[in-house]
Amino acid sequence: MKKFILKHEKRIARITLVILFLALVRTVSEPFRLQYYAASALSFDALKPYLLAAVLVAVSLFVMVGLSFYERHKTIFALGVLTIAGMLVIKSVYLL
C-alpha cells in the first residue's frame with residue numbers, strides 16, 4: 001500500500017482536491033435545499049453549521065492549491081483528511 005501511495009502521490013492529491021471541491025459545492029447548496037423544503041423561514045442558527053463548514057473547506061482548498069504549486073502532495077492529502085474530520089466535528093456539534 002505504501003508503494004502505491006508513493007507512486008501515485010500527485011494523483012491522490014488531485015483526487016483529494018476534487019473531493020473537497022465537491023464537498024464545498026454540496027455544503028454551499030444545502031441551505032437552498034433546506035429553504036425549499038422548510039415550512040417557515042430559516043434562522044441563522046439553522047444555517048450556521050453549513051456556513052462554518054463552507055468556510056473551513058474554502059480556506060482548506062485555498063491552502064491546498066497553494067501547496068500544490070510547491071508539490072507538497074502528502075501535506076495536501078493530510079490537510080484533506082483533517083478538513084473532512086473538521087466537517088464531521090462541526091456536524092456532530094451542531095446537527096446531532
Side-chain angles (χ1 to χ4, degrees):
M1 183 69 176
K2 187 174 182 177
K3 191 180 250 188
F4 176 81
I5 291 173
L6 291 176
K7 187 176 179 182
H8 300 288
E9 280 182 6
K10 194 172 189 177
R11 180 178 290 169
I12 292 170
R14 287 180 180 170
I15 290 170
T16 304
L17 284 167
V18 170
I19 289 171
L20 282 179
F21 180 75
L22 293 174
L24 177 62
V25 170
R26 171 80 167 111
T27 304
V28 169
S29 65
E30 186 65 20
F32 296 107
R33 187 189 70 81
L34 289 174
Q35 182 182 12
Y36 182 76
Y37 289 111
S40 62
L42 293 175
S43 67
F44 177 73
D45 291 332
L47 298 177
K48 189 175 180 180
Y50 302 106
L51 295 174
L52 288 173
V55 169
L56 172 69
V57 174
V59 170
S60 295
L61 278 172
F62 181 75
V63 171
M64 291 166 71
V65 168
L67 289 171
S68 70
F69 290 122
Y70 297 105
E71 297 183 3
R72 302 292 305 241
H73 304 299
K74 290 179 185 176
T75 309
I76 291 171
F77 181 71
L79 186 58
V81 170
L82 287 174
T83 302
I84 292 171
M87 290 177 70
L88 291 173
V89 167
I90 290 171
K91 181 179 180 179
S92 67
V93 168
Y94 286 102
L95 298 178
L96 297 180

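- The two residues Pro31 and Leu47 have their closest heavy-atom pair at CB-CD2, 3.4 Å.
- Applying the side-chain contact (heavy atoms from CB on, under 4.5 Å) rule to Gln35 yields the partners Phe32, Leu42; only residues at least two apart in sequence or on another chain are considered.
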Item to complete: Any chance you could lay out the side chain to side chain contact (heavy atoms under 4.5 Å, CB included) test for Arg14 and Arg11, step after step, and finish with the verdict?
Response: CA-CA 5 Å; Arg14 287 180 180 170; Arg11 180 178 290 169; 5.7 Å; no
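- Following chains of ILVMFWY side-chain contacts shorter than 4.5 Å, one can reach Val57 starting from Val89, so the two form part of one hydrophobic cluster.
- Of all non-hydrogen atoms in Leu24 and Ala54, the two that sit nearest each other are CD1-O, 3.5 Å.
- Hydrophobic clustering (ILVMFWY, side-chain heavy atoms < 4.5 Å, transitive): Val81 and Leu17 are in distinct clusters.
- Here the shortest heavy-atom pairing between Tyr50 and Thr27 reads O-CG2, 3.2 Å.
- To the nearest 0.5 Å, atom CZ of residue Phe77 and atom CD1 of residue Ile15 are 10.0 Å apart.
- Residues Leu82 and Phe21 are members of separate hydrophobic clusters, defined by side-chain heavy-atom contacts under 4.5 angstrom among Ile, Leu, Val, Met, Phe, Trp and Tyr.
- Pairing each heavy atom of Thr16 with each of Ile76, the nearest pair is CG2-O, 4.0 Å.
- In plain terms, the two heavy atoms of Thr83 and Leu56 that are nearest each other are O-CD2, 3.8 Å.
- In the hydrophobic cluster analysis, where Ile, Leu, Val, Met, Phe, Trp and Tyr join through side-chain heavy atoms closer than 4.5 angstrom, Phe69 is grouped together with Leu20.
- Residues His73 and Glu9 approach most closely at CB-O, 3.7 Å, considering heavy atoms.
- For the pair Tyr94 and Leu52, the minimum side-chain heavy-atom distance is below 4.5 Å.
- Apart from Tyr37 itself, the hydrophobic cluster it occupies contains Tyr36, where clustering links Ile, Leu, Val, Met, Phe, Trp and Tyr at side-chain heavy-atom distances under 4.5 Å.
- Cluster membership check: Leu79 does not share its hydrophobic cluster with Phe62, using side-chain heavy-atom separations under 4.5 Å among Ile, Leu, Val, Met, Phe, Trp and Tyr.
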